[in-house]
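Below is one structure; the comments refer to it alone.
Chain A is the first sequence line, chain B the second, and so forth, proteins listed ahead of strands; every chain is numbered from 1.
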Amino acid sequence: MGRNLFDTVWDLHKVRTLESGQDQLFIGLHMIHEVTSPQAFQMIEERGLKVLHPERTFATVDHIVPTANQERPFQDKLAEEMMQAIENNTKKHGIEFFGLNTDRQGIVHIIGPELGLTQPGLTIACGDSHTSTHGAFGAIGFGIGTSQIRDVLATQCLAISRPRVRKINVTGSLKKGVYAKDIILKIIAELGVNGGIGYAYEYAGETIRGLSMEERMTICNMSIEGGARVGYVSPDETTIEYVKGRTYAPAGDEFERAADFWRSIASGPDAEYDDVFELDADKLEPMVTWGITPGQAVGVNGRLPRVSELPDEHKEIADKAYAHMGFTEGQAIQGQAIDIAFLGSCTNGRISDLREAAEFLKGKKVSSSVKAFVVPGSKQVARQAEAEGLPKIFTEAGFGWRGAGCSMCLAMNPDKLEGRQICASSSNRNFVGRQGSPTGRTLLMSPVMVAAAAVAGQVVDVRHAI
Amino acid sequence: MPEIHIKVSSVEGKAVTIHGNDIDTDQIIPARFMKCVTFDGLGEYVFHDVRYDENGNLKGHPFDDERYADAGIMIVNSNFGCGSSREHAPQALARYGIRGIIGESYAEIFAGNCTSMGIPAVTLPASDIKQLVAAVEKDPGMTVRIDLANGAVIAGPNRYHFEIPAAFKKSLIDGSWDSTAVLLENLDAVERTAASLPYLNGFRRAG
């Protein structure tokens, strides 16, 4: 039987088996940001260690960056202190830093791919759970904690247990108005928010093959919301074409050799897996979350579940969700009023997301009851959008146009929900308080569904609006 | 270089019970409290938004219940610590005083973070958790012990057999949970692996 990509790439990077039984895994690309790295630098300095391979770590700022006014010093002193810490740490240790004064800054999971740092066959670690995004290229990308950042800085390695591999085979064609976001929300709803614990997810099948790189990134990005630390897609010609010509990608003859290598590591048709899950994309409809975990999602024409009809293990979290959201069992999600529309994040802040939303918004106006804004995932995304005239479409429709950053996905910056506001959000988490107000409420959906909700002032089925 | 090889073979103390599945790391430490360059002050913000209402009044969380004051062991349900990879979550718990966790299951990154801080996070079946929670809530003063070497949680007259990934158990017991020292042992092998990687060698075939 053939090997899957995960096993091939893992074995290439395995240094040895440790006494504990974990593997010592070499990390090909390490990305850091301002929130989870300062303590790691402090830890290596306390031990008198240096950064072993500074040329394999790249840094940017995204979480704390204000999106409305990015002038330094930041008004928020704590944010300014964190900014200075990453500037000082990267300078001191010789690490390349894509700061606000460069045209390469942006959300860490958006700039890695767009700069060509993210390539097939790499192991990629970052102190952020959405590092699974990079798996879209056929890399093994996973989130790590700060003590592990310390390990990668000091040794370029991690001590880590090898997960099992589950193939998620998606067949059928996406209907108009149904997007990659709906595929991953459906997978999480089916397999559960803890279904992926101990697994790497390989997304495969004709539907996945037909997706662009940006759509594949959206799917891999949310693997962790299903409990899987790693999610990936085997590289193919779509992957190779995307990487070609990017700043840090191999060039010339080296690119041709690289492409041969990338093709060689793809999972073969007879590759073995520990588990296989099948999903039929023909039947998919736009998905919307109604609760407080990304697994609490229904089709836009569906009704919210009755707690008594749920499996026992889902009852308690459903009760909590109803208490927080103020929704009624059995109600429709369509027609639910919203206050805020947020378009952006490492899940859906790429140029294709902005294009799709802008296309929808042409000639339309945001409802007077809604505050809407769009946050490009990176400066490059912003620049490309500007070249295509997208900001004008957004602002004419009534969307605010902001600078690049994580923004209201996690509210470590001035973009926050207030009180019990309900937000239609293209981000990845609807946890209680996630968007900055302890009583705020989040409905996750695709970017075009967010745009449609902004215009209607309520959740609508975008298929009827396009 | 200071070597840290603290062996964690057993932790014990009073226990506190936290009810609910899928408690995410945003609940454990809301993002706004991560605006810091050290972990030092995190203890006072642990579970902040489930402990305090909008006016800063206590809502009656177990962490504020006098009966559980000074608890060192925390008992939880399933998929505890899901969501964000932030080590700020276990760091905040540790600074509050938690030294060991007993639960039905954990999110993977959270469990790894606990281990790399020397905090055992062990699992028991749901039925055992239920019994243990009832016992602790009936007698909050009781000592609960996680005996790593013997694979047992001991609470009063009751003894439960726990599960923990073998690698986590071994690294806690032999003090190698602080992985930097272990990973540094063999830098020659690291460089050999690097030398064999196509992308670090112009994608030329090895040999």
Side-chain angles (χ1 to χ4, degrees), chain A residues 12-13 15-16 18 20-22 24 26 28 35-36 38-39 42 47-49 64 78-79 81-82 85 119 121-122 127-129 143-148 150-151 154-157 159 161 193-194 197-198 227 229 250 254 257-258 261 293 313 316-317 320 410-412 429 431-434 438, chain B residues 1-2 19-22 24 26-27 30-32 34-39 49 54 77-79 82-88 90-91 105-109 112-113 116-117 165-168 170-171 174 176 178-180 182-184 186-187 189-190 192-194 196-200 202-204:
Chain A
L12 266 176
H13 291 84
V15 175
R16 59 175 174 149
L18 299 170
S20 68
Q22 290 186 306
Q24 178 167 359
F26 184 85
V35 177
T36 56
Q39 300 86 350
Q42 186 190 343
R47 296 176 193 205
L49 295 168
I64 59 155
L78 293 172
E81 187 187 359
M82 295 175 83
Q119 296 170 19
L122 292 178
D128 191 287
S129 62
I144 56 177
T146 296
S147 294
Q148 292 179 307
R150 171 198 68 203
D151 286 352
T155 73
Q156 202 60 35
C157 290
S161 299
V193 290
N194 56 2
I197 294 177
R229 196 174 185 178
E254 192 173 316
R257 291 196 298 272
F261 167 63
T293 80
E313 68 269 26
E316 178 260 352
I317 192 79
K320 262 193 196 170
L410 89 169
M412 279 195 77
R429 288 189 175 133
F431 298 155
V432 173
R434 171 77 179 182
Chain B
M1 186 182 94
H19 293 254
N21 299 331
D22 306 318
D24 57 78
D26 277 81
Q27 299 288 302
R32 64 184 184 280
M34 297 202 297
K35 278 193 224 159
C36 54
V37 294
T38 76
F39 291 130
D49 292 348
E54 290 129 283
N77 294 117
S78 78
N79 199 27
C82 60
S84 161
S85 61
R86 60 189 69 166
E87 190 173 305
H88 301 67
Q91 292 280 358
S105 66
Y106 307 94
E108 205 170 314
I109 302 178
N113 284 342
S116 56
M117 291 171 58
F168 288 178
K170 185 168 186 346
S171 61
D174 70 16
S176 63
D178 187 312
S179 38
T180 306
V182 176
L183 295 173
L184 275 173
N186 205 351
L187 286 184
V190 175
R192 276 199 299 279
T193 300
S196 73
L197 288 167
Y199 60 87
L200 294 183
F203 292 95
R204 286 178 189 82

Between F168(B) and chain A, which part of the residue has a heavy atom less than 4.5 Å away: side chain, backbone, both or neither? side chain

Gap between atom CG of D128(A) and atom CD1 of I109(B) - 0.5 Å precision: 8.5 Å

From L18(A) atom CG to S171(B) atom OG, the distance as rounded to the nearest 0.5 Å: 9.5 Å

When rounded to the nearest 0.5 angstrom, what is the spacing between CD in E87(B) and CD1 in I144(A)? 10.0 Å

Within the distance-only criterion (no hydrogens, no angle test), does the side chain of R434(A) pair as donor or acceptor with the backbone N or O of D26(B) below 3.5 angstrom? no

Could you have a look at V190(B), D49(B), L200(B) and say which one has the most heavy-atom pairs with chain A under 4.5 angstrom? V190(B)

Evaluate side-chain contact (heavy atoms from CB on, under 4.5 Å) for L49(A) paired with L184(B), printing each intermediate quantity in order. CA-CA 10 Å; L49(A) 295 168; L184(B) 275 173; 3.6 Å; yes

Assess whether side-chain contact (heavy atoms from CB on, under 4.5 Å) is satisfied between Q22(A) and S179(B), documenting all intermediate values. CA-CA 11 Å; Q22(A) 290 186 306; S179(B) 38; over 6 Å; no

At a heavy-atom distance under 4.5 Å, which candidate from V193(A), T155(A), L78(A), N194(A) has the highest pair count against chain B? T155(A)

Mind running side-chain contact (heavy atoms from CB on, under 4.5 Å) on N77(B) and E313(A) for me, showing each step along the way? CA-CA 11 Å; N77(B) 294 117; E313(A) 68 269 26; over 6 Å; no

Measuring heavy-atom distances to chain A, does H19(B) have an atom under 4.5 Å in its side chain, in its backbone, in both, or in neither? backbone

Separation between CD (E316(A)) and CG (D22(B)), nearest 0.5 Å, reads 8.0 Å

Answer key: most heavy-atom pairs under 4.5 Å with chain A among A31(B), A167(B), A194(B) is A167(B)

Who are the side-chain hydrogen bond (donor to acceptor under 3.5 Å, both in side chains) partners of N21(B), not counting sequence neighbours? S78(B)

Based on non-hydrogen pairs under 4.5 Å, which of C157(A), A154(A), G21(A) is most in contact with chain B? C157(A)

If you compare all heavy atoms of I197(A) against all heavy atoms of E108(B), which two are closest, and at what distance to 0.1 Å? C-OE1, 3.8 Å

Any donor-acceptor pair under 3.5 Å linking the side-chain atoms of S116(B) with those of Q148(A)? no

Quick one: CZ on R16(A) to OG1 on T193(B), what's the gap to the nearest 0.5 Å? 10.0 Å

Spacing of M34(B) atom CE and T36(A) atom OG1 [to the nearest 0.5 Å]: 8.0 Å

If you count heavy-atom pairs under 4.5 Å between each of E54(B), Q91(B), R32(B), H88(B) and chain A, which one has the most? H88(B)

Of the backbone (N, CA, C, O) and the side chain (C-beta and beyond), which part of Q42(A) lies under 4.5 Å from a heavy atom of chain B, both, or neither? side chain

For L183(B), does its backbone N or O pair with a side-chain atom of Q24(A) as donor and acceptor, under 3.5 Å? yes

Using non-hydrogen atoms only, which part of A189(B) is less than 4.5 Å away from chain A: side chain, backbone, both, or neither? both

If one checks every heavy atom of L122(A) against chain B at 4.5 Å, the contacting part turns out to be both

Heavy-atom cut-off 4.5 Å, strictly under: side chain, backbone, both or neither for P198(B) against chain A? side chain

Under 4.5 Å from any heavy atom of chain B, what part of I317(A) do you find: side chain, backbone, both or neither? side chain

Could you check which of A166(B), P30(B), P90(B), S85(B) has the highest count of heavy-atom pairs closer than 4.5 Å to chain A? S85(B)

So, for V37(B) and Q39(A), which heavy atoms are closest and what is the spacing to 0.1 Å? O-CG, 3.6 Å

Where do K35(B) and A79(A) come nearest, in terms of heavy atoms and distance? CD-N, 4.3 Å

At a heavy-atom distance under 4.5 Å, which candidate from I64(A), L410(A), T293(A), V432(A) has the highest pair count against chain B? V432(A)

Please name the pair of heavy atoms, one in G28(A) and one in Y199(B), separated by the smallest distance, quoted to 0.1 Å. CA-OH, 3.1 Å

Check against side-chain contact (heavy atoms from CB on, under 4.5 Å), V15(A) and N186(B): CA-CA 9 Å; V15(A) 175; N186(B) 205 351; 5.5 Å; no

Give me the atom names and distance for the closest heavy-atom approach of P38(A) to C36(B). CG-O, 4.3 Å

Need one label for A85(A): side chain, backbone, both or neither, based on atoms under 4.5 Å from any heavy atom in chain B. side chain

All side-chain hydrogen bond (donor to acceptor under 3.5 Å, both in side chains) counterparts of E81(A), not counting sequence neighbours: none

